[in-house]
Amino acid sequence: MQAGDPVVGAAMGVAGAQSRSEDEESLGVKDVKRTATQAFGSGVVPKRRSSSRSIKRKKFDDELVESSLVKSSSRVKGPPVIEPVRCSGSEPSSSEKKKVTKSGTALTPPLTMVINPAPMTKRVKKSKQPLHITKDLGRWKPTDDLLLINAVLQTTDLTSVHLGVKFSCRFTLREIKERWYALLYDPVISKLAWQAMRQLHPEAIAAIQSKALFSQAEETLLAKIGSTSQPKLDVFQELLSKHPGVFHPSRTPKSLLVHWQLLKQYYLLDDQSVQPLPKGDQVLNFSDAEQMVDDVKLKESRDEVLEHELMISDRHQKREIRQLEQELPRWQVLVDSITGMSMPDFDNQTLAALRGRMVRYLMRSREITLGRATKDKQIDVDLSLEGPAWKISRKQGIIKLKNNGDFFIANEGRRPIYIDGRPVLSGNKWKLNNNSVVEIAGLRFVFLINLELISLIKAEAAKMTQQ
């Protein structure tokens, strides 16, 4: 190819322009380094020009990404990052800034490619206190700690504290011992417990101190008061004034009186004595004491006058019962004549009758159906004639006479049928006797049997079986 070729000339021009731009960039970098070394060599750090006005403008996407990366890189603990120093004389012009912002994504490499930050380590918060301490503190409340301290100072016995003090939880004797030793020897628990107790309200502290157990010295002074006397509050006030160092500061005359009454109740005063147990091996129990009781002393003496009066009243009552039994048939005739419930006169074709309050149904066939008649369906016994039958099914039941002369009723409806108070559920059957009470949905009927005709039927059935 010749030198005069236009294509070759253009290529050479482009190559010359690229080499020229690289030389200018290298010279620019050298100038920046020279000015930086001069500035640091002279010991004077060039001040950055800034305006007093706050210019707020929206950041571009690449600037947002770079600022977030710079913030994250500042948090990373690793090797220090050296940033280039920009001198005051080498500040780019506005046109250059526009060019940089337009081609910022292409010219400036991302920060992650230049700097390889150390991997982020997760911060693990080390708890200042072990787990068992915090758990123990959560269960033991400051009121419990104050109760424990007051009780131990009064009794100096952890067993009596466990038996006599009512804490917020049911602590065992071992837990109380562990808590007391922790308050004594563990600086962390004792400090936390002390801070929590100092935050209690004064009224709460006074209430806790009033529940403090009585010491042995206090009970000794109270036991000297006689059991036969009836001391008043003045006596206990005098005790408090005479022995201020013995009694707890929260003691009042009324609290001393209440405790003295408890000591008297359990025979713990000085002038009281408890009956000793029998010295033998056998301890007296309830059955032995019951045998020792004299039955003759417990037996009441006979009162002849009272017995005579009771006998006479018993005779009068028996006489009245006999008279009522004799008059019962006459009353039955009166009731039957009023209500019409006397035995009906059956004809030769009527097997039985179902009598209600308003209507009487005659059974002249071996099987009849009970229910509620409608336009579409007719039945033998329409119960709606007796009363409100809207709860009764259209086919409520069937009454059937068997060959042996027994009547049975079968429930075909939804609601139960009660025979003499016994329910017959749907699909079941029950035997009907003479004068059986049949109740269907609040309607009551009496089932009456023609005994003469039924006896003839039974005799004929017996003859047929013999033949």
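Expressed to the nearest 0.5 Å, how far OG of S215 lies from CG of L153 amounts to 11.0 Å. The line from CG of D271 to CD1 of I225 is 10.5 Å long, rounded to the nearest 0.5 Å. One distance of note links CG of L213 with CG of D157; it measures 10.0 Å at 0.5 Å rounding. Considering CG of N450 and OG1 of T350, their distance stands at 7.0 Å, rounded to 0.5 Å. With rounding to the nearest 0.5 angstrom, the NE2 atom of H243 is 15.0 Å from the CZ atom of R251. Interatomic distance, E412 CD to T369 OG1, rounded to the nearest 0.5 Å: 10.0 Å.
For E307, the CD atom sits in a packed shell: over 12 heavy atoms of surrounding residues, nucleotides or ligands are nearer than 6.0 Å. When the shell of 6.0 Å around CD of E367 is examined, it contains more than 12 heavy atoms from other residues, nucleotides or ligands. Crowding of R394 atom CZ: a count of heavy atoms from other residues, nucleotides or ligands under 6.0 Å not exceeding 12. Under a cut-off of 6.0 angstrom, the local environment of CD in Q261 is crowded, with over 12 non-hydrogen atoms contributed by other residues, nucleotides or ligands. Within 6.0 Å of atom CD in Q230, 12 or fewer heavy atoms from other residues, nucleotides or ligands are found, so the atom counts as exposed in its surroundings. The environment of CG in N403 is sparse: at most 12 heavy-atom neighbours from other residues, nucleotides or ligands sit within 6.0 Å. The number of heavy atoms from other shown groups lying within 6.0 Å of CE (M311) is above 12.
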Given the rule in the salt bridge (charged side-chain N to carboxylate O under 4.0 Å, His left out) test, do K242 and E238 qualify, once you have shown the distances and angles that lead to the verdict?
CA-CA 6 Å; K242 285 183 179 180; E238 186 178 354; 3.2 Å; yes
- Query: Checking side-chain contact (heavy atoms from CB on, under 4.5 Å) for the pair V359/L383: CA distance, chi angles, key distance, verdict?
  - Reply: CA-CA 9 Å; V359 184; L383 299 177; over 6 Å; no
Please evaluate residues I409 and V424 with respect to the criterion side-chain contact (heavy atoms from CB on, under 4.5 Å), reporting the C-alpha separation (whole Å), side-chain torsions for both, the decisive distance (0.1 Å), and the verdict. CA-CA 9 Å; I409 183 170; V424 180; 5.5 Å; no
- Task: List the steps and the verdict of salt bridge (charged side-chain N to carboxylate O under 4.0 Å, His left out) for R444 and E439.
- Result: CA-CA 4 Å; R444 291 186 179 183; E439 183 178 353; 3.7 Å; yes
message: With side-chain hydrogen bond (donor to acceptor under 3.5 Å, both in side chains) as the criterion, how do Q396 and N411 come out once you've worked through the C-alpha distance, each side chain's angles and the decisive distance to 0.1 Å?
response: CA-CA 6 Å; Q396 183 65 44; N411 189 357; 3.2 Å; yes
Output, in order, the C-alpha distance, side-chain angles, deciding distance and verdict of side-chain contact (heavy atoms from CB on, under 4.5 Å) for L192 and V188.
CA-CA 6 Å; L192 292 174; V188 178; 4.1 Å; yes
>> Is there a side-chain contact (heavy atoms from CB on, under 4.5 Å) between Y361 and D380? Walk through the geometry before answering.
In response: CA-CA 9 Å; Y361 303 95; D380 299 328; over 6 Å; no
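The two residues F167 and I176 make their nearest non-hydrogen contact at CE1-CD1, 3.8 Å. Here the closest heavy-atom approach between residue I379 and residue L370 is recorded as CD1-C, 3.9 Å. Across Y418 and P423, no two heavy atoms sit closer than the pair CE2-CB, 3.5 Å. Between L269 and L222, the closest heavy-atom pair is CD2-O, 4.0 Å. For the pair L351 and S365, the tightest heavy-atom approach, listed with the atom from each and the gap, is CD1-O, 3.6 Å. Residues I392 and A441 come closest through the heavy atom pair CG1-CB, 3.7 Å.
A donor-acceptor contact closer than 3.5 angstrom links the side chains of S384 and D382. Checked by atom type, the side-chain pair S168/D144 shows a donor-acceptor distance below 3.5 Å.
E325 meets the side-chain contact (heavy atoms from CB on, under 4.5 Å) test with I321; sequence neighbours excluded.
For the pair R139 and F171, the cation-pi criterion (under 6.0 Å, within 45° of the ring axis) is not fulfilled. Both tests pass for K402 against the ring of F408: distance under 6.0 Å to the centre and angle within 45° of the axis.
Using the six-membered ring where Trp is involved, F214 and H259 have ring planes that are parallel, under 30° apart on the 30 and 60° scheme.
Not a single donor-acceptor pair under 3.5 Å links the side chain of D420 to the backbone N or O of S436. In this structure, the side chain of R415 engages the main chain of K391 through a donor-acceptor pair within 3.5 Å.
Contact annotation: the side chain of I399 approaches that of L432 to within less than 4.5 Å [non-hydrogen atoms, C-beta and beyond].
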